[in-house]
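See structure below.
As the structure lists them, so they are numbered: ligands from 1, and atoms in each ligand from 1.
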Amino acid sequence: MRIGLIGYQGSGKTTVFRALTSLAGAHAAKPGEIEIGVVKVPDPRVDRLCEVFKPKKKTPAAVEFLDLPPLGVSGKGAAERVAQMRKVDALACVVDAFSAGKEQEWKGALGKIREELAFEDLAVLEKRIDTLRKSVLKSTPTQERDKKELAQLERMKPAFEAGTVVDVSALKADEAKQMRGYRFFLMKPALAVVNVPEGVATGDVAPGDLPAGYLGGSRICGKVEQEISELPEADRAAFLKELGISEPASNRLIRAAYKALGLINFFTVGDDEVRAWTVPAGSNAVEAAGAIHSDLARGFIRAEVFAYADWEAVGGDEKQIKAKGKLRLEGKEYRVADGDILNIRFSV
Ligand SMILES: Nc1nc2c(ncn2[C@@H]2O[C@H](COP(=O)(O)OP(=O)(O)O)[C@@H](O)[C@H]2O)c(=O)[nH]1
Ligand SMILES: [Mg+2]
């Protein structure tokens, strides 16, 4: 999963990025250059599985954060930002609530970001509509398809003008696919990152307090979190406790992103590797197999499944899982649940 940090210059994107990815000073990016940091998704279940299976390799799920050039500036940075923003799975919108006088303005600032995104999407949409209006007049092999696409874009336009979330889930599969192909910003899940001053309560923003278009949000103090991320790992917990912070902001933000994107984790276990895999909620066993390797999806026979919670309940004893009838054989249509431990039987 890739999450792009966006916002206006000085909102604290880079500070938050450093806090999330502990990259403090690792590579001082030139202005306009994009830094990418990989964060392992903290999951105590992976730790516990490793304690028992003692694998050679531990692979938690990972999230990539991108520190993108600021909104509202033109030139090379803007083009790079737009190109990168098309490729991310979610947007984390950072707003300044730490500067004097800005403490109460974060909601308006978040709304302004949506307006900016809507403006950029509308430019793309209108350009495409103009092109299609001309092309549908000519008798070409794509004329019928162009007519359909034009009608579709014109139907969607009011949603873009409203600047809220553009939802394609109600469209027919082929129409939804075409709309997704544009990678419009308003179709991406957006999270709010309210960068508050030191000493102010942090935590999740209540959904009712968020402006339209945001699926979740966190109040974090970028500066303090960055300082924490620079500490040796062993000292972090004590420091967090002292500050009354229950966990690092990155954990909260990653959880919010999983929720907003509707993602779950399943696990594979063994002597070689214990690994967490990320798939959309509702994925079936074949799709889960495909996340591991396309061969596993192609040659899928059955999935052996047990739930992490059942395994934990019997003290991590696999024999007990079998004895208690908690090991199941599931077919292609089985819907994978968060925390499932899968072993795919396949033949290619
Ligand atoms: N007091 C305070 N200052 C911050 C915080 N986050 C960022 N800053 C400061 O705001 C300025 C801009 O931050 P930066 O992360 O570079 O913003 P960017 O332009 O969005 O990348 C820097 O001087 C930061 O030290 C914060 O949470 N509290
Ligand atoms: Mg920056």
Report task. Quick one: look up the protein heavy atom nearest atom 19 (O) of ligand 1 and list residue, atom name and how far away it is. Result -> Gly10 N, 2.7 Å
Query - Protein non-hydrogen atom found under 4.0 Å from atom 23 (O) of ligand 1 - result: no
Query - Location of contacts on Val196 toward ligand 1, heavy atoms closer than 4.0 Å - result: backbone
Query raised in the report: Can you find a pair of side-chain heavy atoms, one from Ile292 and one from Leu342, that are under 4.5 Å apart?
Result: no
Query raised in the report: Judged by modelled atom types alone, do Tyr334 and Asp340 share a side-chain donor-acceptor pair under 3.5 Å?
Result: yes
Query raised in the report: Would you say Lys13 and ligand 1 have an N/O pair spaced under 3.5 Å apart?
Result: yes
Query raised in the report: Which bit of Thr14 gets closer than 4.0 Å to ligand 1, counting heavy atoms only: side chain, backbone, both or neither?
Result: both
Report task. Take atom 11 (C) of ligand 1 and look for protein heavy atoms under 4.0 Å from it; say yes if you find one, no if not. Result -> no
**Report entry** Identity and distance of the protein heavy atom lying nearest atom 8 (N) of ligand 1
**Finding:** Phe98 CZ, 3.5 Å
Query raised in the report: For atom 13 (O) of ligand 1, which candidate among Thr15, Val94, Leu71 provides the closest heavy atom?
Result: Thr15
Query raised in the report: Which residue supplies the protein heavy atom nearest to atom 1 (N) of ligand 1, what is that atom called, and how far is it?
Result: Lys223 CD, 3.7 Å
Query raised in the report: Short list, please: which atoms of ligand 1 are under 4.0 Å from a heavy atom of Gln9?
Result: 19 (O)
Query - Shortest non-hydrogen separation from Val194 to Ala97 and the atoms involved - result: CG1-CB, 3.7 Å
**Report entry** Glu230 (side chain) donor-acceptor with Glu227 (main chain) under 3.5 angstrom
**Finding:** no
Query - ligand 1 contact on Phe17 by region, counting heavy-atom pairs under 4.0 Å - result: neither
Query raised in the report: Can Gly7 be said to touch ligand 1, with heavy atoms closer than 4.0 Å?
Result: no
Query - ILVMFWY cluster, Val16 and Phe98 together (side-chain gap under 4.5 Å) - result: no
Query - Qualifying residue for salt bridge (Lys or Arg N to Asp or Glu O under 4.0 Å) with Asp121, from Arg86, Lys188, Lys157, Arg114 - result: Arg86
Query raised in the report: If every non-hydrogen atom of Arg328 is compared with every non-hydrogen atom of Ala307, which pair is closest and at what distance?
Result: NH2-N, 4.3 Å
Requested in this report: Check ligand 1 against Tyr8 and write out every atom of the ligand that is under 4.0 Å from a heavy-atom position of the residue.
Outcome: 20 (O)
Query - Contacting atoms of ligand 1, where contact means under 4.0 angstrom from a heavy atom of Gly222 - result: 27 (O)
Requested in this report: Around atom 17 (O) of ligand 1, find the nearest protein heavy atom and jot down its residue, atom name and distance.
Outcome: Gly12 N, 3.1 Å
Query raised in the report: Could you walk me through whether Tyr8 and Asp96 pass the side-chain contact (heavy atoms from CB on, under 4.5 Å) check?
Result: CA-CA 9 Å; Tyr8 292 97; Asp96 174 358; over 6 Å; no
Report task. Would you check if the Mg ion (ligand 2) lies under 2.8 Å from any N, O or S atom of Thr15? Result -> no
Query raised in the report: Would you say Arg145 has more than 12 foreign heavy atoms packed within less than 6.0 Å of its CZ?
Result: no
Report task. Indicate the atoms forming the closest heavy-atom contact of Gln9 with Pro70, along with that distance. Result -> OE1-CG, 3.2 Å
Query raised in the report: Is there a heavy atom of Cys221 sitting under 4.0 angstrom from any atom of ligand 1?
Result: yes
Query - Asn195, any N or O under 3.5 Å of ligand 1 N or O - result: yes
Requested in this report: With Arg48 as the cation and Phe53 as the aromatic partner, state whether NZ or CZ is under 6.0 Å from the six-membered ring centre and within 45° of the axis.
Outcome: no
